[in-house]
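Remarks on the structure that follows.
One-based numbering, in listed order, for ligands and for the atoms of each.
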Amino acid sequence: MRTDSRREGPIITLDGPAGSGKSSTAKAVAKRLGFRHLDSGALYRAITLGLLRSSVEEADWGNLSEQGFTNLDINLETFENRFQVLLRGQAVDSELRTPEVTDRVSFVASLPASRQSILGLQRKAGEDGRLVTDGRDMGTAVFPHAELKIYLIADLEERAMRRLREVGEDSPDDFALAQQARALDTRDQSDSQRTISPLKKAEDAIELDTTGLAFEEQVQAIVDLAHQLTLL
Ligand code: DC
């Protein structure tokens with residue numbers, strides 16, 4: 001497969017539902033290949049955090065123009081092998097994962113003006129290639145010409161369990177597990193039913209079901225696919 005001649009290397013996209021392990025997998029694949037990793041969900045989370053810190057009433061978020069979102073001043077700082085998300089020039093990380101942000105991010109991501117406001121930023125991150133990026137529409141809308149597109153899926157219960165483990169709950173009870181599964185499912189419904197750039201498998205994406213796969217196995221499966229397609 002040929003790489004876009006303007007780039008120094010391929011783009012690999014990982015899309016899929018919440019909790020399918022996209023970000024951690026994409027990060028590990030990028031490390032193995034010596035590529036950069038871009039977590040596009042972090043950009044939508046930064047927009048949401050920016051809104052929460054702004055004077056705009058939550059009831060008015062849906063009326064903001066693209067310029068209104070651009071004014072929040074979201075940016076990406078480039079390091080050797082990663083991108084750091086900046087909000088008004090400040091690095092943001094753990095602040096992006098709070099329940100206040102998580103509960104609102106799906107709505108914010110459903111707004112066409114918010115999506116448009118970070119499209120250029122995402123494409124710029126991929127202009128030199130050698131990128132592994134994860135999200136919901138990376139293979140369908142942001143990088144439709146990516147050389148390798150993966151659609152990661154996993155059973156809802158397994159995804160809920162992984163999310164809980166991420167926050168240190170290794171043996172959740174049935175109630176906690178069901179509650180987490182419901183929250184993931186609600187977000188997936190919202191992400192896949194919106195009209196603009198919904199969560200869906202790109203026609204040319206390879207579906208990888210990670211239910212029952214150990215983390216290292218899913219990383220290896222994608223690295224193997226990249227080698228099979230002689231992308232490297
Ligand atoms: O992957 P995540 O949970 O950090 O994503 C946060 C939200 O952003 C999620 O509700 C879906 C949305 N999102 C999106 O709409 N498009 C992307 N490319 C990435 C994330």
Side-chain angles (χ1 to χ4, degrees), residues 11-30 37-52 61-62 66 69 72 74 76 82-85 87 92-126 131-144 146 149-154 156 158-160 162-167 180-202 205 210 218:
I11 291 181
I12 299 176
T13 61
L14 271 69
D15 289 306
S20 54
K22 298 179 301 294
S23 283
S24 44
T25 307
K27 190 174 172 185
V29 170
H37 168 228
L38 173 68
D39 168 5
S40 64
L43 290 170
Y44 291 98
R45 288 173 179 273
I47 294 178
T48 309
L49 181 63
L51 287 171
L52 285 166
W61 290 2
E66 183 185 335
F69 285 104
L72 294 172
I74 310 293
L76 287 173
R82 69 185 191 98
F83 294 97
Q84 171 66 54
V85 180
L87 173 59
V92 277
D93 289 304
S94 56
E95 306 93 307
L96 302 179
R97 313 261 148 214
T98 63
E100 288 72 24
V101 171
T102 300
D103 288 349
R104 294 164 176 84
V105 63
S106 203
F107 169 70
V108 170
S110 73
L111 302 170
S114 92
R115 304 196 74 81
Q116 196 57 34
S117 75
I118 54 164
L119 186 59
L121 203 59
Q122 295 174 86
R123 291 206 170 133
K124 190 161 184 304
L131 180 76
V132 184
T133 183
D134 68 279
R136 305 295 188 288
D137 64 340
M138 305 314 281
T140 52
V142 182
F143 296 114
K149 301 179 185 180
I150 309 287
Y151 193 74
L152 277 190
I153 57 165
L156 181 60
E158 170 126 0
R159 290 189 282 126
R162 288 180 191 171
R163 267 288 144 99
L164 289 169
R165 280 203 203 107
E166 273 168 23
V167 293
Q180 181 62 242
R182 251 196 321 277
L184 289 180
D185 197 39
T186 305
R187 208 136 65 82
D188 289 345
Q189 300 284 343
S190 158
D191 292 336
S192 39
Q193 285 166 10
R194 67 178 177 228
T195 44
I196 177 162
S197 302
L199 164 66
K200 72 165 192 224
K201 178 175 169 289
T210 67
Q218 68 199 41

Could you tell me whether the side chains of Arg45 and Thr102 share a donor-acceptor contact shorter than 3.5 Å? yes
Looking at every heavy atom in both Gly126 and Ile11, which two are closest together, and how far apart are they? O-CD1, 3.5 Å
Min N/O separation Gln122 to ligand 1 under 3.5 Å: no
for atom 20 (C) of ligand 1, nearest protein heavy atom and its distance come out as Gly41 CA, 3.5 Å
Measuring from non-hydrogen atoms of Arg194 to any atom of ligand 1, is the shortest distance under 4.0 Å? yes
Kindly say whether Thr133 contributes a backbone atom to a donor-acceptor pair with the side chain of Lys22 at under 3.5 angstrom? no
Is a donor on one side and an acceptor on the other found under 3.5 Å between the side chain of Glu95 and the backbone of Asp93? yes
Purely on distance, is any nitrogen or oxygen of Ser40 under 3.5 Å from one on ligand 1? yes
Check: Thr210/Arg162 side-chain N/O donor and acceptor closer than 3.5 Å: yes
Any donor-acceptor N/O pair, Arg123 side chain to Phe143 backbone, under 3.5 Å: no
Looking only at distance, does Asp39 have an N or O less than 3.5 Å from an N or O of ligand 1? no
Is a side-chain N or O of Thr186 found less than 3.5 angstrom from the main chain of Arg182, in a donor-acceptor match? yes
Looking only at N/O atoms, are Asp134 and ligand 1 under 3.5 Å apart anywhere? no
Top protein contact for atom 9 (C) of ligand 1, by heavy-atom distance: Arg187 NH1, 3.3 Å
Under 4.0 Å from one or more heavy atoms of Asp137, ligand 1 contributes atoms 16 (N), 17 (C), 18 (N)
Whether the side chain of Asp15 engages the backbone of Leu199 through a donor-acceptor N/O pair (distance < 3.5 Å, no angle test) should be reported. no
Atom 4 (O) of ligand 1: nearest protein contact (heavy atom, Å): Arg45 NE, 2.7 Å
Which atom of Ile47 lies closest to which atom of Ser114, heavy atoms considered: CD1-O, 3.9 Å
Which heavy atom of the protein is the closest neighbour of atom 12 (C) of ligand 1, given with residue, atom name and distance? Ala109 CB, 3.7 Å
shortest atom 8 (O) of ligand 1-to-protein heavy-atom contact is with Tyr44 CB, 3.7 Å
For atom 16 (N) of ligand 1, which protein heavy atom lies nearest, and how many Å away is it? Arg115 NH2, 3.0 Å
Under 3.5 Å between some N or O of ligand 1 and some N or O of Arg163? no
Exactly one candidate in Arg136, Lys27, Arg97 meets salt bridge (charged side-chain N to carboxylate O under 4.0 Å, His left out) with Asp39; the answer is Arg97
Between Asp191 and ligand 1, which part of the residue brings a heavy atom under 4.0 Å of the ligand: side chain, backbone, both or neither? side chain
Atoms in ligand 1 with a heavy atom of Val105 nearer than 4.0 Å: 6 (C), 7 (C), 8 (O)
The one among Arg97, Lys22, Met138, Arg136 that brings a heavy atom closest to atom 2 (P) of ligand 1: Arg136
